[in-house]
Each structure stands twice: as C-alpha cells, then as structure tokens.
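The block underneath contains the structure these notes are about, expressed in structure tokens.
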Amino acid sequence: MKKKLLPLAYIAYITVFSLLGCANFALDKISVKEEIVLPIQEIKKENLKQLDDNLFIAVTNDPQLIISIDPEQTKLRTIGYTLKQGGTGEKSMYYQRGSQTEFSEKRCVIPRDNSGKTVRYALGVKGVTKIRLDICGTAGEMIEIDSVTLNLEPKISDYFFITPMKIAKFLVLPLIFSAVLLYILELYEFYIKKQR
C-alpha cells in the first residue's frame, strides 16, 4: 500500500486538476451571456502615442490598456483582443478587485492563448473592477488594435493551459501529500502495535 501512495497522489492531482478545469469551463459557459466589444478609442491608454485611428506607437517598453469594470453590471470571466500589427514580447494582464487601487504582481494573469496575433485571458476570480493589459514589451514598436472583447466565448483549452508554476506544483505537491500521508500511516501503525 505504501509503495502505491506516490502514484496514487499523482493520479489524484491530475483528476482534481481535470475536474476543476471542466467545472470552471462549464461555469464560464453559463455565466458569459454576451460579448462586450470595446472600441480602442474608448479605452484608456498609457505609454502609447496615437498615429492613426487604430494605429499606435509604444513610447516605452511598457504600453498599457486600462479598462474600468462595473462588477454589478459585468461579471468579467474572459478577455481577448487581436493585434493586427506589433505585440512582440511578453504579454500579461493585471486586475484590481473591490477597493484595491494598485496593480500588483500577485494579481497577474498570463495569456491562455497567445497564438499568432490573438491574445486570450481567462479569469478565475470575481468582483474585478479594473484591468490593465500589457500588450507588448518593446519601445518604438508599432501596434494596431481595433478593440478589446470582454466575456468572449470560452474555449475548453483555456482551462487546461500549462504554465511553469503548474508544472512545479504537479511535481512537488503530490510528493508532499504522499509524504505526509505516509507519516500518518506509520504513526497509526506504531500506535496499533503499542496497543497490542
């Protein structure tokens, strides 16, 4: 039994991960009623200089799009946009909840889909009041973007996105769980032997 603890711990972790992914996908599928398309002209921009209607140049290596959300009217679950030009480097999204007034690395989301020029995010939190989209990481880069879509149609692949952090958790957490369980079993066996 003890030899089977570690494989069972990994099987349990994969099972829980899969169930949570399916549950979140189903929840978002039910929650997302209709997409909200925000034209780029209506979005606050930082470190971006406008050259044309939908064409901008990054003034620094941290151009941002900032969107305020009314959590009573919009239950934000997914976000997406398409870059027709530009957008090299790392992309990320930061969010604020409730009375929070600052963006933090603790509340950072990486893209679920960053293939080609399409960028998608899936949020696993409620009550979001503001988001910041970091859309590229190169000063002087030309960026063409028409709009940002809130609550776009969820994709099942969004919920099984593998990150370095998830890999680290997969490698470490089952080890810790099986070690703790093994320790408890040994204590139990020791207690039973002592009672005899």
Side-chain angles (χ1 to χ4, degrees), residues 12-40 42-46 62-84 86-137 143 145-174:
Y13 186 89
I14 292 170
T15 302
V16 170
F17 177 78
S18 301
L19 289 173
L20 285 175
C22 291
N24 284 326
F25 171 71
L27 178 63
D28 286 353
K29 198 78 174 173
I30 295 169
S31 302
V32 174
K33 300 300 182 184
E34 68 176 285
E35 295 183 347
I36 302 171
V37 179
L38 300 175
I40 192 64
E42 298 179 8
I43 297 173
K44 182 181 178 182
K45 294 163 279 289
E46 295 285 349
D62 189 25
Q64 304 167 359
L65 302 178
I66 300 174
I67 302 170
S68 295
I69 310 290
D70 183 349
E72 296 297 323
Q73 294 184 2
T74 306
K75 298 189 186 317
L76 190 60
R77 304 294 295 182
T78 53
I79 302 98
Y81 60 89
T82 299
L83 294 167
K84 294 185 175 180
T88 59
E90 292 186 4
K91 302 174 185 64
S92 55
M93 180 182 72
Y94 296 81
Y95 63 88
Q96 296 174 14
R97 300 171 65 196
S99 59
Q100 293 168 349
T101 57
E102 300 291 336
F103 292 107
S104 167
E105 291 290 339
K106 295 178 181 178
R107 298 184 296 277
C108 178
V109 182
I110 61 174
R112 293 307 196 230
D113 184 0
N114 194 16
S115 58
K117 296 294 184 179
T118 300
V119 184
R120 294 171 61 96
Y121 296 92
L123 272 171
V125 296
K126 298 179 181 179
V128 173
T129 56
K130 186 177 286 189
I131 60 172
R132 188 187 92 196
L133 299 168
D134 292 4
I135 57 176
C136 85
I143 299 168
I145 177 173
D146 293 340
S147 60
V148 173
T149 303
L150 308 181
N151 289 339
L152 72 170
E153 184 73 14
K155 295 195 323 189
I156 188 68
S157 58
D158 293 345
Y159 302 85
F160 295 95
F161 185 71
I162 304 300
T163 65
M165 178 60 71
K166 287 181 179 178
I167 293 172
K169 286 180 178 179
F170 172 72
L171 294 174
V172 174
L173 290 181

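The side chain to side chain contact (heavy atoms under 4.5 Å, CB included) check on Ile66 picks up Lys44, Glu46, Gln64, Lys130, Arg132, with sequence neighbours excluded.
The closest donor-acceptor contact from the side chain of Thr74 to the backbone of Leu76 lies at 3.5 Å or more, if one exists at all. With Lys84 contributing its side chain and Thr82 its backbone, the two residues share no donor-acceptor pair below 3.5 Å. Judged by distance alone, the side chain of Tyr121 and the main-chain N or O of Ser92 form a donor-acceptor pair under 3.5 Å.
Smallest separation of non-hydrogen atoms from Leu152 and Gly80: CD2-N, 3.6 Å. The two residues Tyr95 and Arg97 have their closest heavy-atom pair at CE1-CD, 3.6 Å. Minimum interatomic distance between Ile43 and Ile67 (heavy atoms only, all atoms of both residues): CG2-CG1, 3.8 Å. Contact record, Ile143 with Cys136: CD1-SG, 3.5 Å, taken as the closest heavy-atom pair. When all heavy atoms of Tyr94 and Cys108 are compared, the closest pair comes out as CE2-CB, 3.6 Å.
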Taking it one step at a time, do Leu65 and Ile145 satisfy side-chain contact (heavy atoms from CB on, under 4.5 Å)?
CA-CA 11 Å; Leu65 302 178; Ile145 177 173; 3.9 Å; yes

Evaluate the criterion side-chain contact (heavy atoms from CB on, under 4.5 Å) for residue pair Lys126 and Arg77; output intermediate values, then yes/no.
CA-CA 8 Å; Lys126 298 179 181 179; Arg77 304 294 295 182; 4.2 Å; yes

Step by step, work out the side-chain contact (heavy atoms from CB on, under 4.5 Å) result for Ile79 and Leu150.
CA-CA 5 Å; Ile79 302 98; Leu150 308 181; 4.2 Å; yes

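The OH atom of Tyr81 sits 10.0 Å away from the CE atom of Met93 when rounded to the nearest 0.5 Å. Taking CG from Asp134 and CZ from Phe103, the interatomic distance works out to 9.0 Å, rounded to the nearest 0.5 Å. Between Asp146 atom CG and Leu83 atom CG the span is 10.0 Å, to the nearest 0.5 Å. Atom NZ of Lys91 sits about 11.5 Å away from atom CG of Leu133, to the nearest 0.5 Å.
Looking at Val37 and Thr149, their side chains come closer than 4.5 Å, going by heavy atoms from C-beta outward.
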